Each structure stands twice: as C-alpha cells, then as structure tokens.
Amino acid sequence: MISRPYDEIKLLIENYLKKEFSTKSDLIWSKPPSVELGDISFPLFNIAKELKIKPEELSEKIIAEISFPDIVEKVNLQGGFLNLTFNRSIFVTQVLQTILEQTKYGQNSSLSSERIIVEHTSSNPTGPLHIGNFRGSVLGDVLGRLFSFLGAAVNVRYYVNDLGRQIAPLVIGYFLLKEAKYKIEEKGDLWLGKVYASMYTFLEIQQLKQKLSMLGWKIKDSSVSLYRLDDTDLKTVPEFLNSLPKENEEKDNTHKWFMKLTRIQSSLIERIPEVYEKLNKLTSSKIENLESTTNQYVKNYQEGKDKLIVEKFREVTKIALDGHVETLNLFAIFHDDFDWESDVAWSGEVQTMLAELEDKKYLRHDEKARLLKNDIIAEELGYKTKYSISYEIPDTIIINSEGITLYPCRDIVYHLHKLEKFNASQCYNVIAKMQQLPQLSVRLALYGLNRTDTADRIHHFDYEYVSLIGRKMAGREFDYVTPDELFVLAQEEIKTIIEERNYSEEEQQNIANKIAASSIKYHILKMDPQKSVAFDVKKAVDPNENSGSFLQYSYARALSILSRSSKHDINVQKILESTEKENLIIEKQAEWELVKLMEELPSILIKAAKSLRPDSVANFSYSLASSFHKFYDACPVLKAETPELIKSRVRIVFSISKCLESLFEVMGIEALEKM
RNA sequence: GGUCCCGUAGCUCAGCUGGAUAGAGCGUUUGCCUCCUAAGCAAAUGGUCGGGUGUUCGAAUCACCUCGGGAUCGCCA
C-alpha cells in the first residue's frame, strides 16, 4: 500500500526528531491559514521548548538535515511554524493512485482484531419509533458501519424491553379491541401507540380517583366511569380540592395531577377520538379494576408460566417490533440479533445474581425494597480510582417495595452474558443520556459480581434527547414526530423538484425514496450526539436546505460526467488503466483543495472511530461534497483545454466518486447515479 | 443541593488531543444555465466564541469560578 503524503511527511520529521533528539512531545500537523504559506504546517513550539532551543533553530536543523522527498517542493519557516508546500503534480498523482488501487478507499484493518457489539434503538414496544430514539438508531448504525469498515467484526443487537410495567395496559387494551373485532387500518406500531396512550391515561385517571377518594372525595356519587374525567368530575374535583385545608400536603400535587390528566384526556379525545372512545367504553364495561388487572398481567408475564399471558404479551410486542424494524429498514438500518428482556427474566439467573450481591453485602434494604450500593462498590473495587470519580454515586433501586424486580436486575444479568453472545471484545450501548445512572450501575454490579473485565469492556455511548420546535414530544399524549412521517414529508418535497426533470414515474419514486431516507438520516447524524437539539421538521425535510441530498447530488454529478465521457470521445477506462509514469496536472485552486481533502479521508474515518464521533463522518462528507461542487463549477472535465487536463480531471472525478462511495457505505446512505 | 451535558453570526449548527486572519447552511442583497444535472457556483451582509480569572510564546479549545438552558439523583423504563 502506498503511504499517504501527510502521514508520510509527518513520520519523516517525527523519526528524525526521535532519532536525533529522542523527543517526547507529539508532533502535530495543521493546515496553514492560507495556501500561500504552504499546504501542511508543523508548529514547533512545544518540541523546541522541550529541547530548550528556539523554534527557528530547530527548524533550521530540520531543513538542513532531513532530505525531503520530491513531493515536498518548498520548505519555509514562519514564526515557529515549519511550513511545507507540496509539489502538486506528484502529490495528486500519488493520492489518486492510492485511491484507484484500493477497492474501497479508506477501508483498512486498523480494527481487525476487534469483535464489537453495538446495541441500539432498543425502544419500548409501546408505540412507533420517534425521532428521539431514532437518533440512537442512526448513531448506532453508523458507529457499527464505521467499525466494520475499519475491519472489526460487528454484531448489532436490539434489546427488546417487553417486560416493562407500561406494556400491560397496552396488552389489555389491544385484546379488548381485538375481541371486539375492531379493524386496524394502519401500521401496527402506530396503532399500538394510540392504544397505549389511551390505556395508560385510563390507568392514571383511575389512580387519581383512588387518590381523591383517599382524601375524602366521594368517588361513586360523581363518576360515571372510573376511567374518565367527565363533566361532573371536571366541576366537582376542583371544588373538592379547594375545600381541603391549605396545610394538606397532597392538595397541590393532586391538583396538578388532575390538571395534567384533564389536559391529556382532552388532547387524546381530539387527536384520536375513535380509538379513545371505543377503548374507554370497552374498558369501563369489561375491566373492573384496571390497576389490579395491570399488576396481575405484569406479574404473570414476569413469571412466564401463564401461557396465555405470555402469548398475549409476545403478540403485542412482536407487532411493535415489526413496526420498528420496518421503519429502520426504510433507512437501511439493520440488526443482527434481538434479545428479549423476558427471556433474561425467565432464565432464573436474576435470583442467583441477587443472592451473590446480597452475600457480598452490596445490597441495601429499605423495607421490602432493595438498592444496589453503587458508591460502596465503586469505592471498594477501585472503579472510582480507575475512572477518577470523586463524587458520591447514588444508589439505585433494583427491587421495589412490592418485591418486584425492576429492569436493572435483568439488565445486569443480560450484561453478564452479552459479550459471550458474540465473543466480543467491546460492547457499545447506544442509549440516551438520561440512562446514565442505570448504565453505570450495571457496570458497578458487574464489578460487585467479580466481573470487572466484562464491565470494563461495556461502554455507554450516550446521546442527548431531541426536542421539537414548536411542539412537545410526548408518547403518552400520542404526540411525537415519527421517522415514517418525516419520510413521507421528505418524499413529497423531493418530488416537487424531480417533476421538472425527465424521469419516468418509477424512477421518480425510486429517487424520492432514496433521497428522503438519506436526507433524514444525514440530518440526524450530523448533529453532535452530546447536544440536545431542537428538531425542525421543515428543515429536515427541505431538499434545498438539507445536506443529505447535497451529498448525493455531488455523486450524481460525478457519475454524470463519467457516463457522458464517450460522447466526447473520451475513454475513461483507458485513462484509469493507463500506467504511464507521467504526472498529473493541477491547474486551479478548486481541484487542488479537492485532492487534499480526498487525501484526508482515511485518517478522518480512523479518528471518527477512535473518538466515537460518527457525526464527524457526516461533517467531513459535507466538506468533501462542497469542495467537489466548487470543482465542478470551476473546472470543466470533458471540455478541458488539453488532453493532459482531461486525463487529470477524469481521474479526479473517478476518485471523488470512490470517496463518496466509501463515505456513503459508512453512513448507510445510498449512492444514486442520477437524480 | 450533588452529578452529567450544552451555551460560537438574526436562526440551525461545525471547529475543541491549545496554533497563525473564527467556518458552513438558512435568512437578507446581488450576479451566473448558447458550456459535463442551477438539489449547484460566485460575491456582499453578519460574531465582545455566555461572563470572569488563571496556565501559556499562543486559549473558542485546557483549569478554576460564575451566569443561563437541559437531563438525572429511591420504588416506571
């Protein structure tokens, strides 16, 4: 493999410094502020300081003693910066040759010794994916693709959270409607979202009413249904709460709760009237006590012995999961394996695990509830020292006061064996930042169970949540933006542009689909995962603003040039295969900048993987595409002035198409030949 | 109150293992299709990098303090 100029030069100087002065400081390279100064720059301050000489002096030595290869045309010193100017012709010839020789430019084996699990999405099966958890899908997908591109064996997993308490009301509601032969005419997960929002509201209204009756409100006299706040309730409840003495601690909170539920109820009645009303009637007539039925369902499913209940939960979860997979596939996001939380629970290992932690005194009792002593474990077993944590880590509840195990229990057991499932060396859990503490306690529990090695290989790749401009995102109120919905909106926008071009109906549809997917994916990917973002639907979907289509457009333009070459009597194959030793020509600034950027691609990918920044791939891609568009405008290819220029530019165009193909593969974006 | 994250142009964001004059897109103003796809290009406009102190030859970048915003901190996941 031909080495890359930037690295090559850096290595040359580095080796010299090490050999001659055995320096310890890292040599770093940067780009000079303007091309007149050079193409690559080495600030020598740190190393000069280490050697206790002036940067100028060091630089003079370097210039005098290193014999630079031909690719370096000019060396000069500018106030402590050693600036090198490349011989453009040699540089370009070398870089483009490297690109042509590799099947996939930028692909390498830097991670080939790794086996990596990436877990992502793992969304609750209570509704469709929304852009919040979809952000995790995109980040996880690209992270996996990146690792894989760099030679790692990658296994992408989805943890199915089918044991949560919140699913029970959904299951109950789903079967009420099914038995009533209610017709479903939409995507399954979206439909479940409606059922879930309704049923959970009923459950909460019941709980509110129970609370009120504990405070002295006469529940039976006022309410038609236990699961509805009717006109009488809306009048009598505030009156009742007002009549309570001011000292009553519950007064304010209950009032707030009441207001919140009133709002949710009316919002649901407005948004999904049919499902809501139908379900309300069915629940009122068939379920005497939703709360206790819910608890019973949850308990039965956790035990896994009641076959009917198991079938019911699985049926509902499967519908949600299928919906999620369908959505993800639209965006070329795929999982290799699905792990069910219920399977973990039924394995019986939770009890063994708890017993061991108990035995080691890592559990704290508070009545029936049990907490994991995070801080004690972290302190005693060196976690704090290892990761330099100086504050106190709060304990986490893993069994509630009813004696029911909470999800961290399953999560701990799951992670005991997760790495084994793929014989993995590393595992990245792409999970929202708000799960920080639970994720930490999983690792701490593993420490407590004497599995520090496993724990240290598990990483929480956290990302911030997504909010909506001008809207809230609330699953409970069936108010969220789904990727499905964005996809359709984007398609429509794109079609208005394609209509002006001469494509068949079928082609139009195909192009619109692919651009819609890439635009949305790109829009989400390019944001720093650590930033909580305000998501703007209009921008995400607008092809004139969105840079996903900008990337694809640059690829289409490149291919368009190549495909039209024969009309100009230019044989691309011949140019590419030509083994003549003559060097290529660079005439304009635009082409020079483009080639230099292409050179950087491999190191950008390695850096992105190392620093876990999939978003940096997106941002680099943008720079590259932008640079190509500038080239496209400034440098005619097929109509270039001389045969030599044509030859050089054809090679550049072919190379950029290869660069983009690599980047598209890493980002999971489809390359379109025309658009 | 403790912890974590964020605060860069009117808006949405890059840049952060310290490097030279702070970078895009959108917006507003103007040009460019007889020439490889105008989903593009060129130009103008726009910034006390939240504020302060420190470390340094050099700070948007590092440390400390401070002010804003978000998340989380015992029974939902």
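A quick note: this is a predicted structure, and the numbers were derived from the prediction, not measured. Residue numbering restarts at 1 for every chain, and letters A, B, ... go by the order of the sequence lines.
For A/Lys596, the salt bridge (Lys or Arg N to Asp or Glu O under 4.0 Å) partners are A/Asp39, not counting sequence neighbours. In this view, A/His415 satisfies the ring pair (Phe, Tyr, Trp, His ring centres under 6.0 Å) rule with no residue, not counting sequence neighbours. Remark: A/Glu392 pairs with no residue by the salt bridge (Lys or Arg N to Asp or Glu O under 4.0 Å) rule, at least two apart or across chains. For A/Lys433, the salt bridge (Lys or Arg N to Asp or Glu O under 4.0 Å) test picks out A/Asp462, with sequence neighbours left out.
Comparing B/A9 with B/G47, their P atoms sit 10 Å apart, to the nearest whole Å. Nucleotides B/G58 and B/A20 are separated by 14 Å at their P atoms, to the nearest Å. B/A24 and B/A14 have their P atoms separated by 16 Å, with the value rounded to a whole Å. Using atom P as the reference point in both B/C11 and B/U21, the two lie 27 Å apart (nearest Å). For the C1' atoms, the distance linking B/U8 with B/G51 amounts to 14 Å, nearest Å.
The side chain of A/Gln530 approaches B/C5 more closely than any other nucleotide in the set B/G19, B/C5, B/A39. Taking only side-chain atoms of A/Ser549, from C-beta outward, the nucleotide of B/U72, B/A20, B/A39 with the closest atom is B/A39. The side chain of A/Ala369 lies closest to B/C75, out of B/U12, B/C75, B/A39. Across B/C75, B/C57, B/U72, the shortest atom-to-atom separation from the side chain of A/Leu437 is found for B/U72. When distances run from any side-chain atom of A/Lys539 to the nucleotides B/A39, B/U12, B/C75, the shortest one goes to B/U12. Each of B/A77, B/C73, B/C36 was ranked by its minimum atom distance to the side chain of A/Ser560; first place goes to B/C36. Comparing B/A39, B/G58, B/C76 against the side chain of A/Asn46 picks out B/G58 as the nearest. Checked against B/A39, B/A77, B/C4, the side chain of A/Arg501 finds its nearest nucleotide in B/A39.
In this structure, the CG atom of A/Asp542 is 13 Å from the P atom of B/A39, given to the nearest Å. Between A/Glu499 atom CD and B/A39 atom P the separation is 14 Å, expressed in whole Å. The interatomic distance linking A/Glu500 (CD) with B/C33 (P) rounds to 18 Å, in whole Å. Per the geometry, NE2 belonging to A/His523 stands 11 Å off P belonging to B/A14, to the nearest Å. Note: CG (A/Asn374) to C1' (B/C73) measures 11 Å, nearest angstrom. With rounding to whole Å, A/Gln439 atom CD is found 18 Å from B/C4 atom P.
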Strictly under 3.5 Å: I want the nitrogen or oxygen pairs between protein and nucleotides 67-71 of chain B, one per line.
none

Heteroatom pairs (N/O) under 3.5 angstrom, protein to nucleotides 22-24 of chain B:
unit_1: B/A24; atom_1: O2'; unit_2: A/Tyr622; atom_2: OH; d: 3.4

Between the protein and nucleotides 15-17 of chain B, are there any N/O to N/O pairs under 3.5 Å, and if so, what are the atom names and distances?
unit_1: B/G15; atom_1: OP1; unit_2: A/Arg613; atom_2: NH2; d: 3.4

Quick test: give all pairs of protein nitrogen or oxygen and nucleotides 40-44 of chain B nitrogen or oxygen below 3.5 Å, distance rounded to 0.1 Å.
unit_1: B/G40; atom_1: O2'; unit_2: A/Arg557; atom_2: NH1; d: 2.6
unit_1: B/C41; atom_1: O2'; unit_2: A/Asp633; atom_2: OD2; d: 3.3

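Judged by distance alone, the side chains of A/Arg165 and A/Thr294 never bring a donor and an acceptor atom under 3.5 Å apart. Between the side chains of A/Ser122 and A/Glu119, at least one donor N or O lies within less than 3.5 Å of an accepting N or O. Looking only at atom types and distance, the side chain of A/Trp257 has no donor-acceptor partner in the side chain of A/Gln207 under 3.5 Å away.
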Per-pair distances, 0.1 Å, donor-acceptor, side chain in residues 559-570 of chain A, under 3.5 Å, sequence neighbours excluded:
unit_1: A/Ser563; atom_1: OG; unit_2: A/Leu559; atom_2: O; d: 3.3
unit_1: A/Ser563; atom_1: OG; unit_2: A/Ser560; atom_2: O; d: 3.1
unit_1: A/Ser565; atom_1: OG; unit_2: A/Leu562; atom_2: O; d: 2.6

Going by atom type alone, with no hydrogens or angles, which donor-acceptor pairs under 3.5 Å involve a side-chain atom of residues 28-37 of chain A and a protein atom two or more places apart or on another chain?
unit_1: A/Lys31; atom_1: NZ; unit_2: A/Glu600; atom_2: OE2; d: 2.6
unit_1: A/Ser34; atom_1: OG; unit_2: A/Glu36; atom_2: OE1; d: 3.2

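Looking at RNA chain B, the stems built from 3 or more consecutive Watson-Crick or G-U wobble pairs, each pair with its key distances under 3.5 Å, are B:1-7 with B:67-73, B:10-13 with B:23-26, B:27-32 with B:40-45, B:50-54 with B:62-66.
For A/Glu591 and A/Arg649, the salt-bridge test passes: some basic side-chain N is under 4.0 Å from an acidic carboxylate O. We find that A/Arg364 and A/Glu358 are not joined by a salt bridge, their nearest charged nitrogen and carboxylate oxygen being 4.0 Å or further apart.
Between the side chain of A/Ser137 and the backbone N or O of A/Thr121, no donor-acceptor pair lies under 3.5 Å.
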- [ ] Check the pair A/Ile497 / A/Asn544 against side-chain contact (heavy atoms from CB on, under 4.5 Å), numbers first and verdict last.
- [x] CA-CA 10 Å; A/Ile497 297 179; A/Asn544 289 319; 4.2 Å; yes

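A residue-by-residue look at A/Pro438 and A/Phe81 shows that A/Phe81 has its nearest nucleotide of RNA chain B further toward the 5' end. Position along RNA chain B of the nearest nucleotide to A/Thr396 versus A/Ile561 favours A/Ile561 as the more 5'-ward residue.
Evaluation of the salt bridge (charged side-chain N to carboxylate O under 4.0 Å, His left out) test over residues 509-531 of chain A, restricted to residues two or more places apart or in two chains, returns A/Asp141-A/Lys521, A/Lys514-A/Glu670, A/Asp528-A/Arg613.
A 4.5 Å side-chain heavy-atom check between A/Arg370 and A/Ile397 finds every atom pair outside the cut-off. Residues A/Val171 and A/Tyr297 form a side-chain contact, since some pair of their non-hydrogen atoms from C-beta on lies under 4.5 Å apart.
Both the sub-6.0 Å distance and the 45° axial angle are not jointly satisfied by A/Arg135 relative to the ring of A/Tyr463.
Ring planes of A/Phe535 and A/His523: perpendicular class, angle over 60° (limits at 30 and 60°).
Side-chain atoms of A/Ser41 come within donor-acceptor range of the base of B/A20, with a qualifying N/O pair under 3.5 Å.
Its glycosidic angle being within 90° of 0, B/C33 falls on the syn side.
Side-chain nitrogen and oxygen atoms of A/Arg165 include none within less than 4.0 Å of the OP1 or OP2 phosphate oxygen of B/C75.
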